[in-house]
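First the structure, in the form of structure tokens, and then the observations on it.
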2 protein chains.
Amino acid sequence: MAKKSVTSAGEKPKPYHHGNLVEALIAATVELIEERGVEQLSVREVAKRAGVSPGAPFRHFRSKTALLTAVAEQAMDRLTASVARAVSDVDNADPAAAFEAIGHGYLEWALANPTHFQIISSRTLIDFEASSSLLDQNRAIRETMVELLTQAQHQGRLASDVDLEQLVLAARAFVYGLARMAIDGHFPEWHPSEPPAIAVRRALCLFMSQMIVPPKRDLAEPEKPL
Amino acid sequence: MAKKSVTSAGEKPKPYHHGNLVEALIAATVELIEERGVEQLSVREVAKRAGVSPGAPFRHFRSKTALLTAVAEQAMDRLTASVARAVSDVDNADPAAAFEAIGHGYLEWALANPTHFQIISSRTLIDFEASSSLLDQNRAIRETMVELLTQAQHQGRLASDVDLEQLVLAARAFVYGLARMAIDGHFPEWHPSEPPAIAVRRALCLFMSQMIVPPKRDLAEPEKPL
DNA sequence: CTATGGTGTAATCACTGATTACATGCGAGA
DNA sequence: TCTCGCATGTAATCAGTGATTACACCATAG
């Protein structure tokens, strides 16, 4: 931004060094993907939008995949933040509610940022395994889910014989499926009148009420599950 | 195959006209995607594998997208067949079992044919809206699901106040999420010892037992269904 | 004021999807 | 049977892509 130009003429400074090309490239990448989709993305256009030569990005990112991985890392930070925010809004003493909040925070962010979500969830566009940031945050969320379910189980809100990891997998699959259906365009065929966000939210509530917190009447009886 | 060659020399016939280029191209496309992934697919290599010039495919498919759409249509036929087969294997009088069978048939096929599934579910690689075949079969499956749940509800196996379309959406999201997690590579991070197919199957059973068919533990029926 | 090294440029490579003009030969109509 | 139309495949070509390289630029340390 504020660079002192030594160019003789008083015209546009246009410094040789961009100043902060890395972030500018990431921002330009996100913009272009949102405008034209991931498939149409080219590094050349990213460079052009950042006002830089076609080869410049490769000075900072070894490959197109590396650039997209950087975008994914930034996106994952925001996703984690959205999840954390949603969790912090519910009662700390209610692990089941916190568990549901994870889903809501996840879906809310995914629907609001379909582009970023698409990049995160794809394992072909980015080099997922090479990014410790992505791996760590992903694992952290899963571990939190298991912990919350464990607490819920101790509170008697879950059957004692249910496999928590299995339940976490199911919940992840469900939320992931909802998000991907929305992103992949499987919702227009559904109900044009109802926006995906509402349908998704209702579906999640239905899932939670049936799956995570069984109705009290079931627990009232002497537990003889199957 | 059996083409009469009029070539003077007795060498390789190599007829000018391929005979059945369309299907050969589709087959070659599938092969290449399975070998190197969808991102790496190029029409040139498809043509090369079919033993034809780089421009030949464009005589039959307007674009790369059109070629992939043709692959998707063939794939959807097989998916529908897999679902129908799974449904036909269960008791006709048990709509809940048939409903679950749809999920099993869907997941079985998706895990066995990740490439095809990836193409079908993507709405950017193919021109989904332009293919009446894809639209019709997709809609048919959804309608069948609603019908089965309606029957199950009449049998008292479902709460009478539950929104069936909402439940179908949830089930679709769940199955879709499981399939995509497997295809997108979200399972290696889980349990390397357990193959995805088993984890997926268990998850689906868990989902069905909790969600679709509330356990009727109070009913002591002499018959043991499966 | 120089030289060192990080940053961006320009030229280039192999490859892609796509289009066009042209070559080929199968099969229908005489 | 012969011929010719036309579907089918070829060759040449285009613009655009990811990626690499040699080189130009410039901020700053000494």
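All of these numbers come straight from a predicted model, not from anything done at the bench. Here is how names work: the chains are called A, B, and so on, in the same order as the sequence lines, proteins then strands, and each is numbered from 1.
Every residue two or more places apart in sequence or in another chain that forms a side chain to side chain contact (heavy atoms under 4.5 Å, CB included) with B/Glu34 is listed here: B/Val30, B/Thr115, B/His116. B/Ser122 meets the side chain to side chain contact (heavy atoms under 4.5 Å, CB included) test with B/Thr124, B/Leu125; sequence neighbours excluded.
For the ring pair (Phe, Tyr, Trp, His ring centres under 6.0 Å) with A/Tyr106, the qualifying choice from A/Tyr176, A/Phe117, A/Phe174 is A/Phe117, the only one to do so.
For residues 74-84 of chain B, the set of pairs meeting the side-chain hydrogen bond (donor to acceptor under 3.5 Å, both in side chains) definition, not counting sequence neighbours, comprises B/Asp77-B/Gln137, B/Thr80-B/Gln137.
Regarding B/Phe61, its CZ atom lies at a distance of 17 Å from the P atom of D/dA7, rounded to whole Å. Atom C1' of nucleotide D/dG18 and atom CG of A/Leu68 are separated by 12 Å, given to the nearest angstrom. Look at CG on B/Leu25: it is 14 Å from C1' on D/dT10, rounded to the nearest Å.
The nucleotide whose nearest atom lies closest to any side-chain atom of A/His60 is, among C/dT9, C/dT7, D/dT10, C/dT7. Checking C/dT19, C/dG8, D/dT10 against the side-chain heavy atoms of B/Phe58 singles out C/dT19 as nearest.
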Could you list the donor-acceptor pairs under 3.5 angstrom formed by side chains in residues 43-50 of chain B, with sequence neighbours left out?
| unit_1 | atom_1 | unit_2 | atom_2 | d |
| --- | --- | --- | --- | --- |
| B/Glu45 | OE1 | B/Arg36 | NH1 | 3.0 |
| B/Glu45 | OE1 | B/Arg36 | NH2 | 3.4 |
| B/Glu45 | OE2 | B/Arg36 | NH2 | 2.8 |
| B/Arg49 | NH1 | B/Glu31 | OE1 | 2.9 |
| B/Arg49 | NH1 | B/Glu35 | OE2 | 2.8 |
| B/Arg49 | NH2 | B/Glu35 | OE1 | 3.2 |

Without placing hydrogens or testing angles, list every side-chain donor-acceptor pair under 3.5 Å for residues 55-71 of chain B, not counting sequence neighbours.
| unit_1 | atom_1 | unit_2 | atom_2 | d |
| --- | --- | --- | --- | --- |
| B/Ser63 | OG | B/Thr65 | N | 3.3 |
| B/Ser63 | OG | B/Ala66 | N | 3.2 |
| B/Lys64 | NZ | B/Leu41 | O | 2.9 |
| B/Thr69 | OG1 | B/Thr65 | O | 2.7 |
| B/Thr69 | OG1 | B/Asp127 | N | 3.0 |

Scoring nucleotides 11-16 of chain C by protein non-hydrogen atoms under 4.0 Å (B base, S sugar-phosphate only, - none) yields -B---B
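Nearest-nucleotide positions on DNA chain C for B/Arg59 and B/Ser63 put B/Ser63 closer to the 5' end.
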